[in-house]
S.K.: 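One structure coming up, written as structure tokens, with questions to follow.
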Amino acid sequence: MAHPLASEAHTLTPAAVFDWLDEAAELRAEAGLTRTLRSRAAEEPLLDLAGNDYLGLTRHPVVTGAAAEAALRWGGGATGSRLVTGTTALHTELEEELAAFCGAEAALVFSSGYTANLAALTALTDPDTLIVSDAYNHASLIDGCRLARADVRRAPHSDPAAVGEILAGRTQRRALVVSDSVFSVDGDAAPLAGLSDAARAHGAALLVDDAHGLGVLGPGGSGALAAAGLAGQPDTVATVTLSKSLGSQGGAVLGPRRVIRHLTETARTFIFDTGLAPAAAGAALAALRLLRAEPERADRAREVARALAGQLTAAGLRACEPDAAVVSVRAPSPEAAVAWAADCRRAGLAVGCFRPPSVPDGVSRLRLTARGDLTDAQIADAVRIIAELAPRG
């Protein structure tokens with residue numbers, strides 16, 4: 001049966017086809033959910049606690065030098081799919097060293113962490129698979145679940161017992177438990193050991209998005225799976241991003257060699273996507289080598305996070321207790337969060353602003369990145385600005 005407005009839609013003029021977008025924009029504005037792009041200069045007089053440069057490596061001369069050298073040697077782009085022309089020696093080196101650093105058998109590099117998550121979820125499942133996904137998982141995992149054609153069940157946040165109950169009632173042949181390692185809103189760490197136990201008790205695999213764990217958790221920053229004693233396990237797969245602790249761009253899937261082979265041959269976001277630019281691969285490889293040489297960078301990132309959270313709490317604000325390098329401070333409303341972040345920026349401090357639908361619990365926040373290269377004086381200055389400009393009431 002035709003929609004009651006279908007006949008009216010057929011009479012729309014070309015100029016009116018997208019009128020509904022204006023109505024949607026008005027609704028977002030009324031809800032305080034307007035978003036805008038802001039260009040930034042190469043050098044800004046701001047203390048940056050908004051980006052994800054956890055180890056302070058994005059502008060490290062070794063990293064930027066490696067990016068420039070790779071671009072000069074290999075060109076500005078990968079030129080094609082990695083299965084055609086887009087795989088350079090840099091990509092191969094990066095995969096080998098990343099897998100070794102994280103304790104995995106093999107790795108596969110993608111153009112982003114988002115495409116890595118889509119690849120893992122769509123290639124490792126089918127209609128006869130049950131996916132059990134944490135309620136607070138990142139949007140890329142949620143989108144991967146939607147594209148997977150599998151039966152998806154949403155599990156309560158960080159609740160291995162609930163995951164086990166869902167798995168116990170499954171009728172599908174295969175099952176996959178999916179979770180962030182560190183959740184990007186409040187910075188809390190998933191109970192990976194418990195999730196692994198629940199998965200194994202019911203013959204399921206475990207997929208962990210370690211975007212916020214790599215470079216921060218585990219021995220020398222080797223990631224959350226290493227911290228939980230799960231690195232290199234035959235039933236466990238990790239995804240990572242190269243754009244946070246490694247200060248570059250791109251993503252990767254790490255796991256058993258047969259998993260990586262399967263992704264290489266079947267994952268659509270690998271097969272049909274242009275390979276990661278050589279400059280990004282070179283930068284990530286240089287950053288990884290720096291981290292291996294200077295493992296104390298991971299310790300410092302966690303130390304900065306604890307200092308920020310402790311001082312903000314002492315100032316009377318509702319700051320989370322960080323498990324990694326993400327610190328969030330609750331705001332009374334989306335509008336208050338936006339105004340608070342804007343006031344901080346005018347005072348010389350860049351902070352993230354998270355509002356619905358980016359926050360699964362509907363509570364707006366300022367989100368701070370605890371960079372490992374921050375000094376104690378910079379931490380104190382950031383806390384002072386945030387506390388002085390906090391919404392009243």
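Owing to the predicted nature of the structure, the values given are computational and were not obtained by experimental measurement.
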S.K.: Please check if the side chain of E95 supplies one atom and the backbone of V109 the other of a donor-acceptor pair under 3.5 Å.
M.R.: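 Checking the backbone N and O of V109 against the side chain of E95, a donor-acceptor pair under 3.5 Å is found.
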
S.K.: Under the side chain to side chain donor-acceptor pair (under 3.5 Å) test, which residues partner E93, sequence neighbours left out?
M.R.: R289

S.K.: Excluding sequence neighbours, so at least two apart, what forms salt bridge (charged side-chain N to carboxylate O under 4.0 Å, His left out) with E69?
M.R.: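 None.
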
S.K.: Got a sec, which pairs hit salt bridge (charged side-chain N to carboxylate O under 4.0 Å, His left out) with one end in residues 134-151, sequence neighbours left out?
M.R.: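 Every pair satisfying salt bridge (charged side-chain N to carboxylate O under 4.0 Å, His left out) with a residue in residues 134-151: D143-R146.
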
S.K.: Of all heavy-atom pairs between T34 and A29, which one has the smallest distance, and what is that distance?
M.R.: OG1-CA, 3.4 Å

S.K.: For the backbone of R257 and the side chain of E105, can you confirm whether one donor and one acceptor N or O come within less than 3.5 Å of each other?
M.R.: yes

S.K.: With sequence neighbours left out, write down each residue that passes side-chain contact (heavy atoms from CB on, under 4.5 Å) with T92, or none if nothing qualifies.
M.R.: T87, E96

S.K.: Whether the side chain of R153 engages the backbone of R170 through a donor-acceptor N/O pair (distance < 3.5 Å, no angle test) should be reported.
M.R.: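 The answer is no, because no donor-acceptor pair under 3.5 Å joins these two groups.
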
S.K.: Under 3.5 Å, side chain of W340 to main-chain N/O of I386, donor-acceptor pair present?
M.R.: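 Side chain of W340 to backbone of I386, a donor-acceptor pair under 3.5 Å: yes, one is there.
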
S.K.: Write out all pairs satisfying ring-ring contact (aromatic ring centres under 6.0 Å, His included) with one or both partners inside residues 107-161, taking only residues at least two apart or from two chains.
M.R.: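 As it turns out, the ring-ring contact (aromatic ring centres under 6.0 Å, His included) pairs with a partner in residues 107-161, which skip direct neighbours, are F110-F270, Y136-H157, H157-F183.
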
S.K.: Kindly write out the residues that satisfy ring-ring contact (aromatic ring centres under 6.0 Å, His included) with H60, not counting sequence neighbours, or none if the list is empty.
M.R.: none

S.K.: Of the non-hydrogen atoms in G250 and T241, which two are nearest, and what is the gap between them?
M.R.: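 Taking G250 first and T241 second, the nearest heavy atoms are O-OG1, 3.2 Å.
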
S.K.: Just to verify, what does F354 make a ring-ring contact (aromatic ring centres under 6.0 Å, His included) with, not counting sequence neighbours?
M.R.: none

S.K.: If you look only at pairs with a residue in residues 215-236, which of them pass as a salt bridge (charged side-chain N to carboxylate O under 4.0 Å, His left out), with sequence neighbours excluded?
M.R.: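 Residue pairs passing salt bridge (charged side-chain N to carboxylate O under 4.0 Å, His left out), neighbours aside: R200-D235.
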
S.K.: Would you call D53 and R59 a salt bridge, taking side-chain N to carboxylate O under 4.0 Å as the test?
M.R.: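 Between R59 and D53 there is no salt bridge, as every charged N stays at least 4.0 Å from the carboxylate O atoms.
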
S.K.: Considering residues at least two apart in sequence or located in another chain, which fulfil the salt bridge (charged side-chain N to carboxylate O under 4.0 Å, His left out) criterion with D19?
M.R.: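 Expected list: none.
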
S.K.: Between the side chains of R300 and E303, is the shortest nitrogen-to-carboxylate-oxygen separation below 4.0 Å, so that they form an ion pair?
M.R.: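 Salt bridge between E303 and R300, a charged N being under 4.0 Å from a carboxylate O: yes.
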
S.K.: Tell me the closest heavy-atom pair linking A226 and P219, and the distance in Å.
M.R.: CB-CD, 4.0 Å

S.K.: Is N137 reaching over with its side chain to a backbone N or O of V178, donor-acceptor style, under 3.5 angstrom?
M.R.: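 Present.
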
S.K.: Could you list the residues that satisfy side chain to side chain donor-acceptor pair (under 3.5 Å) with R302, not counting sequence neighbours?
M.R.: D299

S.K.: Checking R365 side chain against R367 main chain: does a donor-acceptor pair fall under 3.5 Å?
M.R.: no

S.K.: Name all residues meeting the ring-ring contact (aromatic ring centres under 6.0 Å, His included) criterion together with F101; count only those two or more places apart in sequence or in a different chain, and write none if there are none.
M.R.: none

S.K.: Can you name the residues that form a salt bridge (charged side-chain N to carboxylate O under 4.0 Å, His left out) with R28, not counting sequence neighbours?
M.R.: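 Counting only residues at least two positions away or on another chain, R28 forms no salt bridge (charged side-chain N to carboxylate O under 4.0 Å, His left out).
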
